[in-house]
Student: 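One structure, as structure tokens, below. Some questions next.
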Protein chains: 2
Amino acid sequence: MSEKRHKDKEAFRREILDAAREMFSVDGYGNFSMRKLARRIGYSPTTIYLYFRDKDEILFCLCEELYAELYRVVLDIEQEGAGLLETLRKVLLTYVSFALAHPEHYRVAFFTNPSVYGSPADFLQNDTMSRRTYLHYRDLVAECCSAGVLCSMEAETLAQVLWTGVHGVVSAALHTRDFPLVDPSVLAEVMVEGLLNGFTFRRSV
Amino acid sequence: MSEKRHKDKEAFRREILDAAREMFSVDGYGNFSMRKLARRIGYSPTTIYLYFRDKDEILFCLCEELYAELYRVVLDIEQEGAGLLETLRKVLLTYVSFALAHPEHYRVAFFTNPSVYGSPADFLQNDTMSRRTYLHYRDLVAECCSAGVLCSMEAETLAQVLWTGVHGVVSAALHTRDFPLVDPSVLAEVMVEGLLNGFTFRRSV
DNA sequence: GGTCTTAACTTAACGCTGTTAAGTTTCTCT
DNA sequence: AGAGAAACTTAACAGCGTTAAGTTAAGACC
């Protein structure tokens, strides 16, 4: 069987990840398995375990790839140099279209959740693309608060509320096959407009 | 083995569902399986298939139970007789605490998703507790719009945006073990306040 | 009471799953 | 050429949802 032996461990890791990523995109998370992945790359299932501790590590790597791409997208938006609030709006809306463009990856990152990043404390200690992206986003919201374009409140809370809003749209879009959901991009637009509007002025009561 | 033979099919169905519900609450969705359920009720796995077509049907029944309870909760809130907007606010906030009080059921209903209600068309045709609850909620939002306490826009869209907002909070709370999430009840309160505030006044831009 | 039918239930199996211990092959280095 | 390490596989464990076929028990009819 064994046609090739791999000297370059890193290259083979990447090959496995590429195959896994495509399997996700094409067949979805539900149809992904270590055995199928092995068949796909032409090796026995056990070989994969020489390059990845377990299935979760593969999922973790795919998540990190996703966050890395998202991070780049966010940086691109910021460098367009629009106003703070406009930038935030674009980031939130782009987040949704980005997520809907990578539905299976989003599933892995947010809905399979065998705690790939460890504990919340681990998350904040280790330098991952996930953490980087989040902190960067949070700082953007904080800037909006201190610049007065959003009402002043704890930035962490506000950032998470805005995020859970768009995350909710994505979540509904991904997990809804039997419900007559309004077009997610419309929901996203109304959601972002509503939230930003709601936090722009002083809150009533 | 067989100590008992069941004359009352419906009673046995309920017995199975009760066991399933408790298994979900205690061990979580991930640790639920037909075989464990069978062991739990003291029968062979195949017996369950005499009372339920497959695993999905059990999930469907559990979902319906959940929606039935949620429906009752919503009715209770409405009968408190507060103002329209105040009622809507309470419904949204109660939705979150209800969901967080039944995390494993919520998981089944919204995140496992092998399309238990069929197609969106099926959802609207068949009289399920899920549909009943949704339509009732949508009507409440529509009332708010026509009474002028919320800005006038398509009620369906607005209803779904408000829902995806609180759903996002629940989704984040349930799928977050490795992220330092702000207290979900705080997020829910800020979310609802922000959204209702955002849709109360005329939207800017 | 004896037979017949049917409903209730089980056994055994199929083809999956993630993972591991142990065994084999191949390469590299001395 | 021989030793050691690296690469890879075979075979297995214990689990999963589901089904075809077989068994047991209860009720109906003569």
Side-chain angles (χ1 to χ4, degrees), chain A residues 1-21 23-24 26-63 104 107-108 111-116, chain B residues 1-21 23-24 26-63 104 107-108 111-116:
Chain A
M1 290 285 163
S2 55
E3 319 106 18
K4 269 185 187 174
R5 300 239 149 187
H6 288 87
K7 289 176 61 177
D8 192 347
K9 243 176 148 63
E10 205 50 52
F12 195 26
R13 268 178 72 97
R14 216 177 302 269
E15 194 183 322
I16 295 174
L17 283 178
D18 287 346
R21 189 175 48 235
M23 288 182 69
F24 271 107
V26 175
D27 300 330
Y29 175 75
N31 292 96
F32 174 84
S33 80
M34 295 295 266
R35 298 172 112 103
K36 282 183 189 170
L37 176 57
R39 232 172 292 148
R40 170 68 124 77
I41 59 174
Y43 288 84
S44 82
T46 40
T47 296
I48 298 175
Y49 288 85
L50 300 173
Y51 296 87
F52 295 92
R53 191 154 34 81
D54 53 17
K55 193 182 179 181
D56 283 355
E57 192 179 330
I58 293 183
L59 302 188
F60 170 83
C61 290
L62 291 179
C63 289
E104 297 303 334
R107 273 211 162 76
V108 174
F111 301 118
T112 63
N113 186 41
S115 182
V116 287
Chain B
M1 290 284 166
S2 54
E3 319 104 19
K4 268 185 187 175
R5 300 238 151 188
H6 288 87
K7 289 176 63 175
D8 192 347
K9 242 176 149 62
E10 204 50 50
F12 195 26
R13 269 179 71 98
R14 216 177 302 269
E15 193 183 323
I16 294 174
L17 283 177
D18 286 345
R21 190 175 47 235
M23 287 182 70
F24 271 108
V26 175
D27 299 330
Y29 175 75
N31 292 94
F32 174 84
S33 80
M34 295 296 265
R35 298 172 114 103
K36 281 184 188 169
L37 176 57
R39 232 172 291 148
R40 171 68 125 74
I41 60 173
Y43 288 84
S44 84
T46 40
T47 297
I48 298 175
Y49 288 85
L50 300 173
Y51 296 88
F52 295 92
R53 189 153 35 82
D54 53 16
K55 193 181 178 181
D56 283 354
E57 192 177 331
I58 293 183
L59 302 189
F60 170 84
C61 290
L62 292 179
C63 289
E104 296 303 334
R107 273 210 161 77
V108 175
F111 301 119
T112 63
N113 186 40
S115 180
V116 288

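Below, chains carry the letters A, B, ... as their sequence lines are ordered, and counting in each starts from 1.
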Student: Measure from CG on B:L59 to P on D:dG17 and round the result to the nearest Å.
Tutor: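 About 10 Å, once rounded to whole Å.
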Student: Residues in ring pair (Phe, Tyr, Trp, His ring centres under 6.0 Å) with B:Y49, at least two apart?
Tutor: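 Checked B:Y49 against ring pair (Phe, Tyr, Trp, His ring centres under 6.0 Å); zero matches.
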Student: If you draw a 6.0 Å radius around CZ in A:R14, do more than 12 non-hydrogen atoms from other residues or ligands fall strictly inside?
Tutor: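 Not buried by this count: 12 neighbours or fewer within 6.0 Å.
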Student: Protein-nucleotides 13-16 of chain D N/O pairs closer than 3.5 Å?
Tutor:
from   : atom 1 : to    : atom 2 : distance (Å)
D:dC16 : OP1    : B:S33 : OG     : 2.7

Student: On a heavy-atom basis, which atom in B:K9 and which in B:L50 lie closest, and how many Å separate them?
Tutor: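 It is NZ-O, 3.7 Å.
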Student: Could you state the CG-P distance from A:L37 to C:dT19, rounded to the nearest angstrom?
Tutor: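 To the nearest whole Å, that distance equals 12 Å.
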Student: Mind checking side chain to side chain contact (heavy atoms under 4.5 Å, CB included) for A:N31 and listing every partner two or more places apart, or none if nothing turns up?
Tutor: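 Listed in chain order: A:D27, A:K36.
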Student: What is the minimum heavy-atom distance between A:F24 and A:E104, and which atoms define it?
Tutor: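 In terms of heavy atoms, the two residues are closest at O-CG, 3.0 Å.
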Student: List the atom of A:L62, the atom of A:A20, and the distance in Å for their closest heavy-atom pair.
Tutor: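 Heavy atoms of A:L62 and A:A20 come nearest at CD1-CB, 4.2 Å.
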Student: Near DNA chain D, counting only heavy atoms under 4.0 Å, which residues of residues 44-54 of chain A show up?
Tutor: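 DNA chain D contact set from residues 44-54 of chain A: A:S44, A:T46, A:T47, A:L50, A:Y51.
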Student: OH of A:Y43 versus P of D:dT10: gap in Å, rounded?
Tutor: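 Roughly 13 Å, once rounded to whole Å.
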Student: Could you state the atom-to-atom distance from CG of B:D56 to P of D:dT18 in whole Å?
Tutor: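 Value for this atom pair: 7 Å.
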Student: With sequence neighbours left out, what residues match B:R13 under side chain to side chain contact (heavy atoms under 4.5 Å, CB included)?
Tutor: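 B:R13: side chain to side chain contact (heavy atoms under 4.5 Å, CB included) contacts with B:E10, B:Y51, B:F52, B:E57, B:C61.
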Student: On the nucleotide D:dA6, are OP1 or OP2 found under 4.0 Å from the side-chain N or O atoms that A:K9 carries?
Tutor: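 No, A:K9 has no side-chain N/O under 4.0 Å of OP1/OP2 on D:dA6.
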Student: What is the distance, to the nearest angstrom, from the CD1 atom on B:I58 to the C1' atom on D:dG17?
Tutor: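 One finds 11 Å between C1' of D:dG17 and CD1 of B:I58, rounded.
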Student: Among all residues two or more places apart in sequence or in another chain, which pass the side chain to side chain contact (heavy atoms under 4.5 Å, CB included) test with A:T46?
Tutor: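 Per chain and number, A:T46 pairs via side chain to side chain contact (heavy atoms under 4.5 Å, CB included) with A:S44.
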